[in-house]
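Written out below as C-alpha cells is the structure these notes cover.
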There are 2 protein chains.
Amino acid sequence: MSDTTEVPEDECLAVWCAGDDWCAVTCAMDVIGKKWHPVIIHRLLRCDELRFNELSDEVDGITNKMLSQSLDDLEEKELVDRTIVSEKPVAVEYSLTERGRSLERVIDSLEQWGKTHLQPPESEVESA
Amino acid sequence: MSDTTEVPEDECLAVWCAGDDWCAVTCAMDVIGKKWHPVIIHRLLRCDELRFNELSDEVDGITNKMLSQSLDDLEEKELVDRTIVSEKPVAVEYSLTERGRSLERVIDSLEQWGKTHLQPPESEVESA
DNA sequence: CGGTATCCTCATTGATACTG
DNA sequence: CAGTATCAATGAGGATACCG
C-alpha cells in the first residue's frame, strides 16, 4: 500500500504544476529544489536520523530559521518524519519517511553528477 | 579534449560550494536548480535542438526575459550550445552540449520521481 | 535543546515595451 | 525571429534575539 497511489487528497504537490504538460521535473524540483532541502535529505540519507542541532551542524551554513523552515516544509511534504524522543529535556529526531527515502536515486544522481562534472576541490580547497 | 578535465580555469562552479564538505548535491542544484533550467534541459533532451520561440512555446509560462536569461546562464555553464542558423532572418538554435547531455540521468531520475510520487494529473487535469 | 519572531536585504521573477 | 531594457513586486534567505 505504498507504491500504487501515493498522492493524498489534501496534497497540493501536483497542483501548481498541472499546467500544459504537467512536467514532472518541475514538480519534483519544486519539492526538493529549495535551497537547503537537497543537503538535508542527503544527510538524512546517510545518517538515518539526526537531531536538530546535529543537522544544524551537519549542513553548515544554515541558520536555525532556515533549518526549521526547511524541516517544516519537508515534513509537510511527507518527506521527513519528526520524532519526539524526549519531552523534558526537549529532544527531537528527524528521519526520512519512505517517500523521503525514495528520493535517494535523485539525490544520488545529483551528487554523482556534481562529483563528476563539477570537480571536487580536494586538491585546492585550502586556498581559501 | 572534452572528457578528461571538464573544468575550465574561469569556472566558478566549484567555488561557491567549496565550503566545509564541498557537497556535490548543493553544487549540482546550484547549476540546474534554477526555476526554469530543469524544464529547458528536459525539452532539449527530448527535442535535440530548438529555436528560441519553440523553447518559449515548449516551456509554457516562461517569459522572454527568463528564457533568455536561463539560456544565457546555461550557456555560460556550458550546458547549452547556441547556434546561429541564419543571420539575415535571425535564426538561432539551442541544443545541449556534452555536459548538458550528461544531465540526462539527473533529469530523468527527477522526472521519474515526480511521476511516481507526485502523480500526473492525467485523469483529473480538466477540473481546472 | 529546539525552535520562533522580527526585521531587513537583495536576488529572482515578471510585465511590458522596444529593437536589430 | 530573437532577444534586450526598464521597472516593479515578491518572497526567499539571513541576522539577531528571544522563548518553552
Side-chain angles (χ1 to χ4, degrees), chain A residues 12 16-17 19-20 23 26-27 29-41 43-44 47 49-77 80-95, chain B residues 12-13 15-17 19-20 23 25-27 29-40 43-44 47 49-77 80-95:
Chain A
C12 56
W16 12 267
C17 293
D20 129 295
C23 197
T26 301
C27 281
M29 282 301 296
D30 257 312
V31 175
I32 65 160
K34 274 57 189 348
K35 185 168 187 178
W36 302 102
H37 291 203
V39 219
I40 293 175
I41 296 172
R43 302 307 174 178
L44 251 18
C47 302
E49 45 189 27
L50 290 168
R51 307 279 289 275
F52 187 88
N53 283 342
E54 290 177 322
L55 229 19
S56 178
D57 190 61
E58 277 284 330
V59 175
D60 177 66
I62 197 170
T63 59
N64 275 1
K65 183 191 177 185
M66 291 322 291
L67 215 208
S68 174
Q69 199 170 294
S70 302
L71 250 12
D72 220 50
D73 190 48
L74 254 12
E75 259 191 273
E76 195 179 3
K77 289 183 167 65
V80 162
D81 252 355
R82 181 175 180 274
T83 309
I84 298 177
V85 178
S86 161
E87 290 278 8
K88 201 49 199 314
V90 190
V92 180
E93 247 166 26
Y94 290 94
S95 57
Chain B
C12 54
L13 295 183
V15 178
W16 13 268
C17 294
D20 129 295
C23 198
V25 275
T26 302
C27 280
M29 283 301 295
D30 257 312
V31 175
I32 65 161
K34 275 56 190 345
K35 185 168 189 180
W36 302 101
H37 291 202
V39 219
I40 294 175
R43 303 306 174 179
L44 251 17
C47 302
E49 46 188 27
L50 290 168
R51 308 279 290 275
F52 187 88
N53 283 343
E54 289 177 324
L55 230 17
S56 177
D57 189 61
E58 278 284 330
V59 175
D60 177 65
I62 196 170
T63 59
N64 275 1
K65 182 189 176 186
M66 292 320 293
L67 216 208
S68 174
Q69 199 170 294
S70 302
L71 249 13
D72 221 50
D73 189 49
L74 254 11
E75 260 190 272
E76 195 180 1
K77 289 184 167 63
V80 162
D81 251 355
R82 181 174 179 275
T83 308
I84 298 176
V85 178
S86 162
E87 289 278 6
K88 200 52 202 313
V90 190
V92 180
E93 247 167 28
Y94 290 94
S95 57

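In what follows, chains carry the letters A, B, and so on, assigned in the order in which the sequence lines appear, proteins first and then strands, with residues in each chain numbered from 1. Since this is a predicted model, take the numbers as computed values, not measurements.
Nucleotides of DNA chain C lying under 4.0 Å from heavy atoms of chain A occupy a range whose first and last members, 5' to 3', are C:dC1 to C:dC7.
For the atom pair CG of B:Leu55 and CD1 of B:Ile62, the computed distance is 7.5 Å after rounding to the nearest 0.5 Å. Note that the CG atom of A:Leu74 and the CG atom of A:Leu44 stand 8.0 Å from one another [nearest 0.5 Å]. Summarising the geometry, atom SG belonging to B:Cys23 is positioned 9.5 Å from atom CG belonging to A:Asp60; distances are rounded to the nearest 0.5 Å. Distance NZ/B:Lys34 to CD1/B:Ile40: 12.0 Å, rounded to 0.5 Å. With rounding to the nearest 0.5 angstrom, the CG atom of B:Leu71 is 13.0 Å from the CH2 atom of B:Trp36. Here SG of A:Cys47 is found 8.0 Å from CD of A:Glu54. Values are rounded to the nearest 0.5 Å.
What you find for A:His37 and A:Ile32 is that their closest heavy atoms are CB-O, 3.7 Å. For the pair B:Ser56 and B:Leu67, the tightest heavy-atom approach, listed with the atom from each and the gap, is N-CD1, 3.6 Å.
Contacts between residues 81-93 of chain B and DNA chain C, defined by a heavy-atom separation under 4.0 Å, are made by B:Val90.
Rotation axes derived from the C1' atoms of the five outermost pairs at either end of the helix from C:dC1-D:dG20 to C:dG20-D:dC1 lie 50° apart, to the nearest 10°.
Listed for the A:Ser68 side chain is no donor-acceptor partner under 3.5 Å among the backbone atoms of A:Asn64.
Counting only residues at least two apart or on different chains, the salt bridge (charged side-chain N to carboxylate O under 4.0 Å, His left out) pairs with a member in residues 63-74 of chain B are B:Asp73-B:Lys77.
The phosphate of D:dG3 has OP1 or OP2 within less than 4.0 Å of a side-chain N or O from B:Tyr94.
Considering only heavy atoms from C-beta on, A:Met29 comes within 4.5 Å of B:Met29 through its side chain.
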Validation: residues 80-95 of chain A side-chain donor-acceptor distances under 3.5 Å, sequence neighbours left out:
residue: A:Arg82; atom: NE; partner: A:Tyr94; partner atom: OH; Å: 3.3
residue: A:Ser86; atom: OG; partner: A:Pro89; partner atom: O; Å: 3.0

What string of B, S and - do you get for nucleotides 8-16 of chain D 5' to 3' if you count protein non-hydrogen atoms under 4.0 Å?
-----BBB-
